[in-house]
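Reading through the structure tokens given below for one structure.
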Amino acid sequence: MAATPQSAPLGGLARAMVQAGRLKEVEAEQLLSQAAGNKSSFIEQLVASKKATALDVARFVAETFGYPLLDLGAFDEAHVPANAVDRKLIASHKVIPLHKRGNRLSVAIADPTNLRALDEIRFQTGLAVDPIVVEEPKLLPLVAKYSESAEDTLKNLASDDINLDFLDEESAAKADEAATQDIDDAPVVKFIQKMLLDAINDGASDIHFEPYEKFYRIRFRVDGILREVATPPLAIKEKIASRIKVISRLNIAEKRIPQDGRMRLVLSKNRAIDFRVSTLPTLQGEKIVLRILDPTSATLGIEALGYEPEQKAALLDAVSRPYGMVLVTGPTGSGKTVSLYTCLNLLNKPGVNISTAEDPAEINLPGINQVNVDDKVGLTFAAALKSFLRQDPDIIMVGEIRDLETAEISVKAAQTGHMVLSTLHTNDAPQTLTRLMNMGVPTFNIASSVLIITAQRLARRLCNCKQPVQVPQQALLNAGFSEADLDGSWTLYGPGGCDRCKGSGYKGRVGIYQVMPVTEAIQRIILAGGNSLDIAAQAQKEGIKDLRQSGLLKVKQGVTSLDEVLSTTNV
């Protein structure tokens with residue numbers, strides 16, 4: 001008669017719980033058997049059986065074996081010395097290093113009777129190991145996070161099917177050479193491609209790659225607001241920076257000074273997106289910002305920009321004239337470039353010679369001669385303008401009037417039969433004229449050359465999930481509405497929140513404009529040396545809406561919210 005096989009004697013935590021009367025021996029054996037079959041731990045199986053909670057088990061272990069008990073929920077994981085223990089040991093033994101002082105290492109562990117785990121950590125680190133008891137359900141997510149390699153994390157963050165091309169006409173061979181130097185490894189490449197593609201799909205204008213002491217984050221600027229989209233492992237910050245610098249034709253060995261470059265992502269045979277790349281050395285590494293330059297934004301058409309009918313008519317009338325100056329003003333990021341490019345597209349015909357001086361040229365426009373100014377070699381806006389005038393131009397665009405020399409040449413060009421388009425940084429249209437006066441441009445030159453000035457802002461457009469809101473009447477009056485506006489014929493809307501707008505309540509942006517033609521009355525004020533207040537008062541008499549009034553009109557139309565208008569316009 002064959003002998004009945006004997007089960008292995010209980011050990012470790014199971015035996016301690018049986019001896020303490022917390023479990024029956026048969027129950028402990030059954031749980032150990034189930035744990036082995038499920039490839040889980042004894043504690044996991046014990047908690048799953050509801051014979052004890054994770055906290056009960058942790059307290060029992062701490063009291064029985066004399067180890068300290070720690071609530072991992074109250075521990076700042078930023079202080080985890082993750083590199084102190086090999087990630088394979090972290091994964092196989094489900095432990096997390098908590099603190100290293102001298103030759104001692106504190107380790108979070110749910111079952112300190114796992115002597116093999118402690119011995120292997122002691123052998124690998126060469127340190128004395130102090131176990132700290134924690135609840136296993138709180139431990140496992142940290143184990144999963146810190147046992148995963150940077151490459152595994154990137155593979156999870158990036159989809160496997162992304163395979164886009166970067167177009168680098170000048171130095172493709174150089175990129176291939178750099179690829180052999182551990183810069184062009186597949187996980188980093190796919191991750192960067194996914195970030196760029198996500199940014200394009202989200203309608204982002206900029207991508208920020210930002211290294212910090214304890215973490216690395218990536219943010220998109222969507223509709224003028226930065227939001228965090230990914231936190232890749234800090235360990236791969238150098239690989240990300242090097243990869244972006246390689247495809248942007250920047251010096252990957254130079255990390256002490258800022259660099260600027262460009263790259264192009266090919267999405268399809270008929271579509272490619274340009275990126276303007278800027279690197280900045282910070283305390284914790286190189287911060288990289290990518291400006292997305294989508295050529296389709298320059299071909300939207302003037303109807304898509306948000307001009308009111310009378311504003312659009314005034315602008316089209318000005319740009320259709322044979323000569324004169326059209327000025328667009330507003331802060332950085334207010335859409336001035338798109339407005340100018342839209343005007344250039346309207347004027348871009350086979351019988352017209354158009355030249356632009358930009359810093360830098362953001363979007364390539366076929367049929368237009370675009371020049372990047374470079375102060376280092378003496379190619380300033382003024383120098384480019386002088387050269388343009390010898391190139392038989394019909395239309396000239398100057399990226400920005402920054403100084404008296406550029407202003408005087410622009411005015412001269414406008415007076416000698418050329419259409420000149422340019423930008424300035426002022427708060428509104430009337431202040432643009434006084435800015436030119438303050439630069440030193442004679443008033444008679446300003447009065448005779450400037451045709452129209454457009455001041456603009458960008459406000460976030462309400463998503464389709466917008467909801468009616470109630471605001472006290474006095475608050476509406478304070479915002480700029482008149483008593484006549486509050487007749488109940490329109491509804492005030494605010495942001496809602498849905499999947500389409502990702503809960504923000506806004507999707508896309510709309511322009512708010514002050515379009516001020518320089519009429520004879522305004523010319524007389526300029527010639528008399530009037531200031532911006534005098535010009536603004538005359539513009540109001542002529543029915544020109546200022547930025548706040550134009551914004552409030554968008555509020556009445558339900559296009560944007562009152563909060564957006566108040567935050568983007570001055571009274």
Under-4.0 Å salt bridge between Glu228 and Arg219: no
Does the side chain of Gln514 come under 3.5 Å of the side chain of Gln549 through a donor N or O and an acceptor N or O? no
Which residue, Val328, Val326, Val319, forms the side-chain contact (heavy atoms from CB on, under 4.5 Å) with Cys343? Val319
Between the side chain of Asp534 and the main-chain N/O of Asn531, is any donor-acceptor distance below 3.5 Å? yes
Is it the case that the side chains of Arg461 and Tyr506 hold a donor-acceptor pair, with the cut-off being a distance below 3.5 Å and no angle test? no
Test: Lys94 and Glu44 ion pair at under 4.0 Å: no
Cation over ring face, Lys466 and Tyr493, 6.0 Å, 45°: yes
Could you tell me whether Lys255 and Glu286 make a salt bridge, using a distance below 4.0 angstrom between a side-chain N and a carboxylate O? no
If only side-chain N and O atoms count, and only distance matters, is there a donor-acceptor pair under 3.5 Å linking Arg548 with Thr569? yes
CZ-NE2 distance between Arg221 and His208, expressed to the nearest 0.5 angstrom: 5.0 Å
Kindly check if the number of other-residue, nucleotide or ligand heavy atoms within 6.0 Å of CG (Asn201) is above 12? yes
Do the side chains of Asp71 and Lys138 get close enough for a salt bridge, i.e. N-O under 4.0 angstrom? yes
Does the distance from a Lys or Arg side-chain N to an Asp or Glu carboxylate O, for Arg276 and Asp260, drop under 4.0 Å? no
Test: Lys502 and Asp202 ion pair at under 4.0 Å: yes
Between Asn345 and Thr342, is there a side-chain donor-acceptor contact under 3.5 Å, judged purely by atom types and distance? no
Which label fits Tyr513 and Tyr307: parallel for a plane angle under 30°, tilted from 30 to 60°, or perpendicular past 60°? parallel
Polar side chain donor-acceptor pair, Glu136 to Ser41, under 3.5 angstrom: yes
Any donor-acceptor pair under 3.5 Å from Asp223 side chain to Gly508 backbone: yes
With no hydrogens and no angle check, do the side chains of Ser561 and Asp563 hold a donor and an acceptor under 3.5 Å apart? no
From CG (Asp56) to CD (Glu135), nearest 0.5 Å: 9.5 Å
For the atom pair CG (Leu547) and CG (Asn427), what is the distance rounded to the nearest 0.5 Å? 9.0 Å
Under 4.0 Å between a Lys/Arg side-chain N and an Asp/Glu carboxylate O for Glu308 and Lys545? no
Is Ser248 reaching over with its side chain to a backbone N or O of Leu250, donor-acceptor style, under 3.5 angstrom? no
